[in-house]
Colleague: 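Questions regarding the structure given below will be posed in turn.
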Amino acid sequence: MGKVVAGVAIVCAAAACAAAAVTVSYRMRVRSQRHHARSFLLEFQEACATPVARLRQVVDAMAVEMHAGLVSEGGSRLKMLPSYVDQLPEGDEKGLYYAVDLGGTNFRALRVQLGGKESRVIKQEYEEVAIPPELMIGTSEELFDFIAKELTSFVAREGDDFQPSAGQSRDIGFTFSFPVQQTALNSGTLLNWTKGFKVVDAIGQDVVAALQRCIQKRGPEMRITALVNDAVGALAGGRYWNEDVMIAVILGTGTNAAYVERAQAISKCGSTFPKSGEMVINMEWGNFWSSHLPRTPVDETLDNETMNPGEQGFEKMISGMYLGDVVRRVLLKMAQEAALFGPNVPRKMLEAFSLGTPDISKIHADESSDLKVVGNVLRDVYGIQNTSLAVRKIVYEVCDTVAERGARLAAAGIVGILKKIGRDGTHSKDVGSPVHPESGKTVVAMDGGLYERYSKFRAYMQAAAAELLGDASKDVVIELSKDGSGIGAALLAASIAKNRRK
Ligand SMILES: Nc1ncnc2c1ncn2[C@@H]1O[C@H](COP(=O)(O)OP(=O)(O)O)[C@@H](O)[C@H]1O
Ligand SMILES: O=P(O)(O)OC[C@H]1O[C@@H](O)[C@H](O)[C@@H](O)[C@@H]1O
């Protein structure tokens, strides 16, 4: 009997040792995997670094590329498209105007009743609908008919608060958030699609004629009198309220910038100068590229898997469509190579764009000690349960790294524009663009859902701009001009009507 007891004891002891050994080896494996995840994170953070010296190189590159894009067609990746807008709204516009705004994610219809310098915007209404994804890859007719249908039903619900002035038609400002070679204030041909769009038969089409045809088919007697990029629209919307607005930047699904340039600086347009001596330029800055940009292998893989590989390199590092996917790709690599979330990789994490920028801004806003929100997002998006605090910290830091890089690069782009127009406080003053004598300020109007809704991105961007501008930052105001691009197109239509009546 004693031998049996002894035997059982030995077996139990052996089992206990084996269990202990398994536990120790599991813990060692998890620790080494976590160490691997953290060392991958450190490597990624180094590759994304944007020290101020590197940002200054980006600033200089932006200013140089702007100049190159103005002097010759194809002189730079920056298309620097003349907008034909040489007269911005002055605040005294009157009447009822409409705008339709096709963005990368949303479509907006807007009407505004303008009362002139004193009463300004008497009333405005707008509706926003998500663009059906199938229309982003359908036909031109389907896309423009969708816009005409939404506009027609919006006009049908106009109500008595809105009245066109006597003898005035309901003019439309058309905001089109894609690269267009303008041929006039109210016409232009689509150069290429960006973001998630690929409506192939629309390339080369005059987008105003295409939409006008669809509107006429549906009846309302309306005409498109202005075609603007949303960055140009945001500039017009900003200037309507503040005459110091010289630059507008969109940080939404995509990104872009527009600014007021001296006409004689646009030498690729020959010697036909507008009487105002100025013209708004649609930079299409999403396509900016410089060897100084901190591009990582993750960015290269992302770019190769988009619908427009090799294009929009700056946009893919800083805008709303892509920030979330950069984070996803880093987390996926950590999951596959360091078992960050355990032995299995969540299948959905393999799907592009399965982690959106709204998700990472939610993670980034988590101030709780146990990073509970981070855990909830991982559970809700990928079904990952019971993550440890250490894992949540790594996820948080990946989001912070990607957002900080994007924000600081956006700031460098803005300071590059300020440098080009001689308003960054350095001695390389551009000969033109006199600062408004009244305030001496330069205002940058910001618009777009990323900038508007991602507070830490905004904070990083403002801080980097101040760091780059130094003392000059006291003369530069970077402020949100909410939905400026939508109303901006209507205001430009109003400005055109006003000048036509002169
Ligand atoms: N809460 C959020 N946090 C961070 N980014 C957001 C948030 N909500 C929306 N976004 C970003 O804003 C983009 C939409 O921008 P918006 O300017 O509203 O529309 P569009 O790009 O169609 O003009 C989305 O694609 C997304 O990337
Ligand atoms: O308003 P969105 O959809 O974010 O668009 C911003 C920019 O997105 C870029 O992809 C387009 O080329 C620009 O024309 C546009 O201004």
Side-chain angles (χ1 to χ4, degrees), residues 77-81 83 99-108 110 126 128-133 135-136 175-182 188 190-198 207 227-235 237 248-258 280-288 306-308 311-327 353 355-365 373 377 399 402-403 406-407 410 413 446-458 460-461 480-486 488-489:
R77 296 180 72 95
L78 287 180
K79 294 181 175 71
M80 302 300 282
L81 301 168
S83 65
V100 288
D101 177 355
L102 181 70
T105 302
N106 305 303
F107 166 78
R108 289 168 279 260
L110 172 135
Y126 78 92
E128 178 172 285
V129 294
I131 301 161
L135 293 182
M136 297 182 183
T175 302
F176 190 72
S177 305
F178 301 91
V180 164
Q181 187 70 55
Q182 299 267 159
L190 175 65
L191 290 168
N192 57 278
W193 289 107
T194 61
K195 295 165 286 198
F197 279 68
K198 208 167 188 75
V207 294
L227 169 65
V228 290
N229 179 269
D230 59 336
V232 176
L235 183 62
V249 173
I250 303 285
L251 280 162
T253 305
T255 185
N256 195 8
V280 175
I281 296 290
N282 167 18
M283 292 175 62
E284 285 297 334
W285 88 347
N287 203 43
F288 168 69
T306 59
M307 286 208 268
N308 55 346
E311 294 176 6
Q312 302 295 103
F314 193 51
E315 177 167 80
K316 289 169 183 171
M317 294 175 83
I318 75 171
S319 78
M321 178 165 174
Y322 303 100
L323 289 181
D325 203 49
V326 174
V327 171
F353 304 113
L355 189 67
T357 302
D359 298 317
I360 72 164
S361 79
K362 204 183 290 181
I363 287 172
H364 210 174
V373 174
V377 172
C399 295
V402 173
M446 301 297 302
D447 197 2
L450 166 61
Y451 187 79
E452 185 188 337
R453 298 191 185 98
Y454 197 157
S455 55
K456 286 208 171 142
F457 182 100
R458 233 179 9 248
Y460 273 136
M461 198 193 93
L480 181 66
S481 165
K482 186 174 170 347
D483 198 44
S485 65

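We count ligands from 1, going down the list as the structure has it; atoms in each ligand are counted the same way.
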Colleague: Does the gap between the ring centers of His364 and Phe457 come in under 6.0 Å?
Modeller: no
Colleague: When you look for protein heavy atoms under 4.0 Å from ligand 1, which residues do they belong to?
Modeller: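 Under the 4.0 Å cut-off, ligand 1 touches Gly103, Gly104, Thr105, Asn106, Arg108, Gly252, Thr253, Gly320, Met321, Thr357, Pro358, Ser361, Gly448, Gly449, Leu450, Arg453, Tyr454.
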Colleague: Between Arg108 (side chain only) and Glu128 (backbone N and O only), is there a donor and an acceptor less than 3.5 Å apart?
Modeller: no
Colleague: For a quick check: using heavy atoms under 4.0 Å, what are the residues in contact with ligand 2, sorted by chain and number?
Modeller: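 Heavy-atom contacts below 4.0 Å: Gly103, Gly104, Ser177, Phe178, Pro179, Thr194, Lys195, Asn229, Asp230, Ile250, Gly252, Thr253, Gly254, Thr255, Asn256, Glu284, Gln312, Glu315.
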Colleague: Taking only residues two or more places apart in sequence, or in another chain, which ones meet Lys456 in a salt bridge (Lys or Arg N to Asp or Glu O under 4.0 Å)?
Modeller: Glu367
Colleague: Is the backbone N or O of Glu315 less than 3.5 Å from a side-chain atom of Thr255, with the two atoms forming a donor-acceptor pair by type?
Modeller: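 Side chain of Thr255 to backbone of Glu315, a donor-acceptor pair under 3.5 Å: no, none is there.
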Colleague: Checking Lys316 now: which residues fulfil salt bridge (Lys or Arg N to Asp or Glu O under 4.0 Å) with it, not counting sequence neighbours?
Modeller: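 If we apply the salt bridge (Lys or Arg N to Asp or Glu O under 4.0 Å) test to Lys316, skipping adjacent residues, the hits are Asp303.
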Colleague: Where the side chain of Asn287 meets the backbone of Arg77, is there a donor-acceptor pair that is under 3.5 Å apart?
Modeller: yes
Colleague: Looking at Gly252, is its backbone amide N or carbonyl O close enough to the side chain of Ser319 to form a donor-acceptor pair, meaning the two atoms are under 3.5 Å apart?
Modeller: no
Colleague: Would you call the rings of Phe178 and Trp193 parallel, tilted or perpendicular, taking 30° and 60° as the class edges?
Modeller: perpendicular
Colleague: For Asn256 and Asp230, which I'm curious about, is there any donor-acceptor pair between the side chains at under 3.5 Å?
Modeller: no
